[in-house]
Amino acid sequence: MLLQRIGHFFYRSRIPILPKLCNALIRFIHNSAVFSESKIGKGTTFAYGGIGVVIHKRSVIGEHCIIGSNVTLGGKSQSQGVPTIGNGCFIATGAKILGDVRIGNNCVIGANAVVVSDIPNNCMAAGVPAQIIKRDIEPKDYY
């Protein structure tokens with residue numbers, strides 16, 4: 001996260017080469033693609049150092065989220081939209097969130113779920129494709 005935050009600072013400051021250097025270091029050290037251009041809120045952490053995590057450059061992640069290893073937040077072919085993740089979400093290992101999808105605040109996305117549609121606030125989703133399996137949850141009970 002530190003490298004991403006440093007790269008994001010340089011990106012917002014319009015310093016052209018340093019964000020790319022941070023992106024390369026993230027790929028080399030953590031074997032992940034977390035770009036400096038993506039907006040990641042305060043307090044968000046990556047489990048296991050973010051190994052295998054892929055986050056689209058235009059993705060937005062809220063504050064105080066936990067993202068497991070091998071998670072992908074990306075677009076779908078022939079679609080310009082990318083995922084937006086709310087605050088306080090837990091995205092378990094191997095989950096894929098694809099396309100113009102909005103994940104509400106305080107949601108839990110199950111391991112290896114493939115999310116292709118919006119998930120409202122305080123819900124748990126799992127499966128392929130992901131479906132809401134529980135509503136009005138307290139996410140802290142699940143991680």
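What you are looking at is a predicted structure, and each value in this text was computed from that prediction instead of being measured. Below, each value reflects all heavy atoms present in this structure, side chains not excepted, and no hydrogens, waters or symmetry copies.
Summarising the geometry of Ser32 relative to Gly52, their closest heavy-atom pair is CB-N, 4.0 Å, with the distance given to 0.1 Å. Across all their heavy atoms, Arg5 and Ile40 have their closest contact at NH1-O, 3.2 Å. The minimum heavy-atom distance linking Gly86 with Cys65 is given by the pair O-SG, 3.1 Å. Looking at every heavy atom in both residues, Ala113 comes nearest to Ala126 through CB-CA, 4.0 Å. The nearest pair of heavy atoms linking Cys107 to Pro120 is SG-O, 2.9 Å. Of all heavy-atom pairs spanning Phe35 and Gln4, the tightest one is O-NE2, 3.4 Å.
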Item to complete: Evaluate the side chain to side chain contact (heavy atoms under 4.5 Å, CB included) criterion for residues Leu73 and Ile85: first the C-alpha distance (whole Å), next the side-chain angles of each, then the deciding distance (0.1 Å), finally the verdict.
Response: CA-CA 9 Å; Leu73 303 178; Ile85 310 299; 4.2 Å; yes
Worksheet item: Going through the distances and angles, do Ile55 and Ile61 end up as a side chain to side chain contact (heavy atoms under 4.5 Å, CB included)?
Response: CA-CA 10 Å; Ile55 297 178; Ile61 301 173; 3.6 Å; yes
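Counting only heavy atoms from C-beta outward, the side chains of Val34 and Phe46 approach each other to under 4.5 Å. Residues Ile119 and Ile132 form a side-chain contact, since some pair of their non-hydrogen atoms from C-beta on lies under 4.5 Å apart. Contact check for Lys57 versus Ser38: no side-chain heavy atoms found under the 4.5 Å cut-off. The closest side-chain heavy-atom distance from Arg135 to Met124 is not below 4.5 Å.
At distances below 3.5 Å, not a single donor-acceptor pair connects side-chain atoms of Arg58 with backbone N or O atoms of Pro83. Put simply, the side chain of His56 never gets that close to the backbone of Val82: no donor and acceptor are under 3.5 Å apart.
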Name the atoms and distances for all side-chain donor-acceptor pairs under 3.5 Å in residues 10-18, with sequence neighbours left out.
| residue | atom | partner | partner atom | Å |
| --- | --- | --- | --- | --- |
| Ser13 | OG | Phe9 | O | 2.9 |

Validation: residues 89-105 side-chain donor-acceptor distances under 3.5 Å, sequence neighbours left out:
| residue | atom | partner | partner atom | Å |
| --- | --- | --- | --- | --- |
| Lys96 | NZ | Asn70 | O | 2.9 |
| Lys96 | NZ | Gly94 | O | 3.4 |
| Asn105 | OD1 | Asn87 | N | 2.7 |

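The hydrophobic cluster analysis finds Val60 isolated: no Ile, Leu, Val, Met, Phe, Trp or Tyr side chain comes under 4.5 Å of it, directly or through other members.
Remark: Val128 engages Val114 in a side-chain contact (heavy atoms from CB on, under 4.5 Å) (not counting sequence neighbours). For the side-chain contact (heavy atoms from CB on, under 4.5 Å) test, no residue two or more places apart in sequence or in another chain qualifies with Lys20.
Of the inter-residue distances, the one linking Ser36 atom OG with Leu21 atom CG reads 9.0 Å to the nearest 0.5 angstrom.
Residues Tyr48 and Ile67 fall into different hydrophobic clusters, defined by Ile, Leu, Val, Met, Phe, Trp and Tyr side chains chained together at heavy-atom separations under 4.5 Å.
Sorted by first and then second residue, the pairs that involve residues 124-134 and meet side chain to side chain donor-acceptor pair (under 3.5 Å), not counting sequence neighbours, are Lys134-Tyr142.
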